[in-house]
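Single-structure report; data block below.
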There are 2 protein chains.
Amino acid sequence: MSKTGVTVGSSTYEKLKHDIIFGVLAPGTKLKLGPLRQSYEASVSTLRETLNRLASEGFVTAEEQRGFFVSPVSNKDLIEITNLRVLLECHAIRKSVVAGGTEWEGNLVAAHYKLHQMEKRMATGDESEKETWKRFDWEFHLALIQACDSQNLLDLHAIIYDKYLRYQMLVLTYRGQVAVEEHKAIFDAALARDAELAGRLLEQHIQNGLDHTLAALG
Amino acid sequence: MSKTGVTVGSSTYEKLKHDIIFGVLAPGTKLKLGPLRQSYEASVSTLRETLNRLASEGFVTAEEQRGFFVSPVSNKDLIEITNLRVLLECHAIRKSVVAGGTEWEGNLVAAHYKLHQMEKRMATGDESEKETWKRFDWEFHLALIQACDSQNLLDLHAIIYDKYLRYQMLVLTYRGQVAVEEHKAIFDAALARDAELAGRLLEQHIQNGLDHTLAALG
DNA sequence: TCTTTTAAAATATCATATATTATTGCTAAT
DNA sequence: ATTAGCAATAATATATGATATTTTAAAAGA
């Protein structure tokens with residue numbers, strides 16, 4: 001999902017975050033400094049810096065003098081995260097669709113094209129590149145809101161999206177043609193500069209994804 | 001605003017965050033580890049943990065291999081932060097006003113009472129306890145949204161609120177009787193369980209605060 | 001003036017020491 | 001016997017100072 005940063009700290013951060021989001025480290029797992037030191041090839045200090053960052057973002061839970069844990073998951077948390085994603089992303093898409101210029105349009109077209117190519121591969125049953133597919137999904141959603149003109153909003157959204165992604169990865173299944181059509185509809189509404197429609201379609205899209213995930217979680 | 005945590009790390013975090021929010025450390029200041037080590041009486045590693053946390057939250061800006069800076073301020077950033085606060089807090093108050101029980105009402109009444117007492121003191125020109133006043137302001141706004149039933153939303157809001165507070169502290173002046181009446185109106189609407197009205201009044205209240213701050217910043 | 005070299009400062013990383021928490025095994029009481 | 005309380009020990013987290021890299025600044029050379 002991202003290359004190995006230049007410093008030990010940043011690459012450790014990337015690796016740990018990836019392993020939490022993609023379920024390599026199960027929810028609730030105790031993150032003991034000693035063992036982590038070996039598996040991530042970093043010193044205690046570097047690991048603690050990383051864990052503190054991840055704790056601020058909510059992927060890790062820190063208990064004073066008792067150490068770090070992979071944050072637990074729950075249906076309630078998933079629903080809260082989804083509601084926040086709807087709140088932030090729908091607000092952002094409305095701003096973005098109104099403000100976006102030609103540059104924005106170009107990036108959006110490119111992002112949708114790439115996502116659609118991958119969706120076609122997924123439709124054939126080729127599930128060898130789920131991570132790539134999810135990355136293109138992320139890039140498409142990011143492209144939609146990119147022109148919202150608020151870095152603070154984009155930053156917040158990125159974290160919430162990653163938390164949402166973690167739940168998706170727990171049950172990762174392809175939602176199929178329906179989701180493809182939803183993406184297309186949002187894409188068309190955005191290019192047509194219909195901010196309200198784009199917002200409504202996006203909300204429905206995210207809501208459907210939640211239902212799908214909740215059903216898969218049982 | 002917060003007590004001196006039990007570990008060196010947590011108390012350093014509290015102190016540094018406080019000093020950034022309350023302007024002791026000016027925006028843009030380079031945070032060199034050596035000097036910090038002395039003024040905050042903590043080791044390099046402990047300081048780096050703290051700075052990484054604050055960087056995640058946006059109070060500090062980290063540049064790979066170039067160190068840490070107090071995040072800069074700008075009118076654009078203030079406007080972005082305010083818009084996010086409106087988005088999050090108004091959403092939360094609507095949920096909260098609908099869902100709140102007697103416990104919530106009680107806390108809200110208490111919070112408003114305390115805030116109002118302090119407002120009366122401020123009105124007399126007694127500006128000796130600005131920090132206390134701002135804390136009661138925070139507690140009132142928190143009490144309003146407390147029952148929104150989303151810890152994720154409350155966590156996000158707390159960070160955004162602190163960022164907003166930092167801008168207030170740069171120009172700290174008492175907005176006077178107008179703000180007092182706005183608080184009272186929001187309070188009444190909340191107790192009357194008029195979620196829509198409470199949301200609208202809150203949005204206007206925050207917007208007015210922004211105008212006041214922008215005017216003071218010049 | 002521009003590039004290259006050198007010296008100083010600052011950051012990133014580590015290994016180790018200290019403090020805290022968790023575990024184990026024992027004793028005594030019900 | 002079983003369990004509650006308590007001590008001793010092990011495991012773990014926290015904190016520090018020292019070291020290795022990297023960046024920045026200054027000086028020298030073209």
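These values consider heavy atoms only, across backbone and side chains, with no hydrogens, waters or symmetry-generated copies.
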How close or far is atom C1' of dG17(D) from atom CG of Leu36(B), stated in whole angstroms?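 Spelled out: CG on Leu36(B) to C1' on dG17(D) is 17 Å.
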Under 3.5 Å between N/O atoms: give me all the protein pairs with nucleotides 8-10 of chain D, atom names plus distance.
none

Generate the contact string for nucleotides 10-16 of chain C. Rules: B means base contact, S means sugar-phosphate contact only, - means no protein heavy atom under 4.0 Å. SSSBBB-
Side chain to side chain donor-acceptor pair (under 3.5 Å), paired with Tyr167(B), selected from Thr82(B), Asp77(B), Thr213(B):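 So the option named by the test is Asp77(B).
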Looking only at heavy atoms, which two atoms of Thr61(B) and Ser71(B) are closest? And how far apart?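 In terms of heavy atoms, the two residues are closest at OG1-OG, 2.9 Å.
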Does a side-chain heavy-atom distance below 4.5 Å link [X] with [Y]?
X: Lys30(A); Y: Val70(A); answer: no
X: Lys163(B); Y: Arg166(B); answer: no
X: Tyr40(B); Y: Asp19(B); answer: yes
X: Asp162(B); Y: Lys17(B); answer: yes

Hey, what's the ring geometry for His183(B) with Phe140(B), parallel, tilted or perpendicular (30° and 60° as the breaks)?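 His183(B) vs Phe140(B) ring planes: perpendicular.
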Sequence neighbours excluded, which residues qualify as side chain to side chain donor-acceptor pair (under 3.5 Å) partners of His157(A)?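 So His157(A) forms a side chain to side chain donor-acceptor pair (under 3.5 Å) with Glu89(A).
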